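Everything on this sheet refers to the single structure shown next.
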Amino acid sequence: MASSSPYLESDENLEAIISRIEQKSRKIETHLKQSKPVEALKTALEGSPLKTRDERCKSANWIVVHRAMMAIRDIDGMFNSLDPEYYDILMKYLYRGLSTGDRPTCDQCLKIHEKLTEKAGLGCILRSLADTVNTV
């Protein structure tokens, strides 16, 4: 019996999501090799798997976002190039990063969080916490 839950994915759909994440990962590595960390972050944030509850997909996408996020050295410069459309999803990934407890990850997330909050305001925090579509 099929369920009407918006969070259930078939194995075929999960494999397609993982495949897209792998393609995204290769694109990010290319950007990083070309010293384009902001482009890598934009690519990482685009097309996050929506409404997935599958931990494999969420973890695979987190790894990709984490790789791009950790490559950012000039946080102010990043916000000069990053479109506001990415702010809310970035905030969600910052909270995911903080939940890891990994010192370098948390340090980077806190630096970005401070600048993001200055740039986008407190509403960005509220939107990221209330967002049920982008499950990171």
Side-chain angles (χ1 to χ4, degrees):
M1 180 178 211
S3 174
S4 62
S5 172
Y7 297 107
L8 295 179
E9 299 99 353
S10 68
D11 287 340
E12 181 180 318
N13 191 23
L14 292 175
E15 293 309 315
I17 292 170
I18 294 291
S19 177
R20 283 194 305 273
I21 293 169
E22 289 169 351
Q23 290 171 351
K24 187 172 20 173
S25 179
R26 288 189 290 277
K27 209 172 179 183
I28 288 165
E29 289 303 322
T30 301
H31 287 308
L32 293 176
K33 286 177 186 170
Q34 295 170 347
S35 298
K36 297 179 179 177
V38 176
E39 289 303 313
L41 184 61
K42 286 179 186 178
T43 301
L45 295 173
E46 290 171 351
S48 293
L50 301 179
K51 288 193 175 186
T52 187
R53 293 286 187 218
D54 185 80
E55 284 304 318
R56 226 176 22 146
C57 294
K58 289 166 46 171
S59 292
N61 207 61
W62 160 245
I63 291 167
V64 170
V65 172
H66 178 261
R67 173 79 176 97
M69 198 168 41
M70 294 303 286
I72 300 290
R73 297 291 166 244
D74 179 11
I75 296 171
D76 289 323
M78 174 189 77
F79 283 111
N80 290 333
S81 302
L82 192 66
D83 298 326
E85 69 186 84
Y86 296 103
Y87 291 174
D88 292 355
I89 190 72
L90 175 58
M91 185 66 79
K92 286 188 82 95
Y93 279 108
L94 292 176
Y95 288 128
R96 168 98 189 229
L98 289 169
S99 74
T100 67
D102 176 61
R103 181 68 185 248
T105 300
C106 289
D107 288 348
Q108 181 75 340
C109 287
L110 286 172
K111 290 175 194 171
I112 296 172
H113 186 278
E114 178 185 14
K115 297 295 180 181
L116 178 56
T117 304
E118 286 174 13
K119 187 91 171 166
L122 296 176
C124 183
I125 295 170
L126 294 173
R127 286 188 301 275
S128 73
L129 295 174
D131 181 3
T132 59
V133 174
N134 296 299
T135 56
V136 302

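Counting begins at 1 with the first residue of the sequence. Just so it is clear, the model here is predicted, and its values are computed rather than measured. Side chains included, hydrogens not; waters and symmetry mates left out as well; all remaining heavy atoms used.
- Pairing each heavy atom of I18 with each of A60, the nearest pair is CD1-CB, 4.1 Å.
- When the side chains of ILVMFWY residues are joined at heavy-atom separations under 4.5 Å, either directly or via intervening members, V38 and V65 end up in a single hydrophobic cluster.
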Could you check R103 against D107 for salt bridge (Lys or Arg N to Asp or Glu O under 4.0 Å), going step by step and ending with a plain yes or no? CA-CA 6 Å; R103 181 68 185 248; D107 288 348; 3.3 Å; yes
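- For residues 107-127, the set of pairs meeting the ring-ring contact (aromatic ring centres under 6.0 Å, His included) definition, not counting sequence neighbours, comprises Y95-H113.
- For H31, the ring pair (Phe, Tyr, Trp, His ring centres under 6.0 Å) criterion is met by no residue, not counting sequence neighbours.
- Of all heavy-atom pairs spanning A68 and A44, the tightest one is CB-CB, 4.0 Å.
- Rounded to the nearest 0.5 Å, atoms CG (L82) and CD1 (I112) are 9.5 Å apart.
- To the nearest 0.5 angstrom, L116 atom CG is 10.5 Å from I75 atom CD1.
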After noting the C-alpha distance and the side-chain angles of S19 and E15, does the key distance pass the side chain to side chain contact (heavy atoms under 4.5 Å, CB included) rule? CA-CA 6 Å; S19 177; E15 293 309 315; over 6 Å; no
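- Between atom SG of residue C124 and atom CD of residue E118 there is a gap of 12.5 Å, rounded to the nearest 0.5 Å.
- Pairs engaging residues 123-136 under the salt bridge (Lys or Arg N to Asp or Glu O under 4.0 Å) rule: D88-R127 [sequence neighbours left out].
- Atoms OG and CD1, on S59 and I21 in that order, are 9.5 Å from each other to the nearest 0.5 Å.
- Sorted by first and then second residue, the salt bridge (Lys or Arg N to Asp or Glu O under 4.0 Å) pairs with a member in residues 23-38 read E29-R67; sequence neighbours excluded.
- Follow the hydrophobic side-chain contacts under 4.5 Å out from L45 and you reach L94 in the same cluster.
- Y93 and M91 fall within a single hydrophobic cluster, where Ile, Leu, Val, Met, Phe, Trp and Tyr side chains are chained together by heavy-atom contacts under 4.5 Å.
- Atom CG of L90 is separated from atom NZ of K119 by 13.0 Å, given to the nearest 0.5 angstrom.
- A search for side chain to side chain donor-acceptor pair (under 3.5 Å) contacts involving E55 returns K58, not counting sequence neighbours.
- Residues in residues 72-84 take part in these salt bridge (Lys or Arg N to Asp or Glu O under 4.0 Å) pairs, two or more places apart or across chains: D76-K115.
- Under the ring pair (Phe, Tyr, Trp, His ring centres under 6.0 Å) criterion, Y86 pairs with no residue, sequence neighbours left out.
- Tracing side-chain contacts under 4.5 Å through hydrophobic residues (I, L, V, M, F, W, Y), one never reaches M70 starting from I63; they form parts of separate clusters.
- If you chain together hydrophobic residues whose side chains sit under 4.5 Å apart, M69 and I125 fall into the same group.
- For C106 against G97, the heavy-atom pair with the smallest separation is SG-O, 4.0 Å.
- Taking the side chain to side chain contact (heavy atoms under 4.5 Å, CB included) definition, one finds that D102 meets it with T100, P104, T105, sequence neighbours left out.
- Side-chain contact check for R56 versus I17: every heavy-atom pair is 4.5 Å or farther apart.
- Taking the side chain to side chain donor-acceptor pair (under 3.5 Å) definition, one finds that S128 meets it with nothing, sequence neighbours left out.
- From S81, atom OG reaches atom CD1 of I72 across 9.0 Å, with rounding to the nearest 0.5 Å.
- Listed by first and then second residue, the ring-ring contact (aromatic ring centres under 6.0 Å, His included) pairs involving residues 63-84 are W62-H66, F79-Y87 (not counting sequence neighbours).
- The main-chain N or O of E39 is found under 3.5 Å from a side-chain atom of T43 such that the two form a donor-acceptor pair.
- When side chains are defined from C-beta on, L110 counts as touching L98, because their heavy atoms get closer than 4.5 Å.
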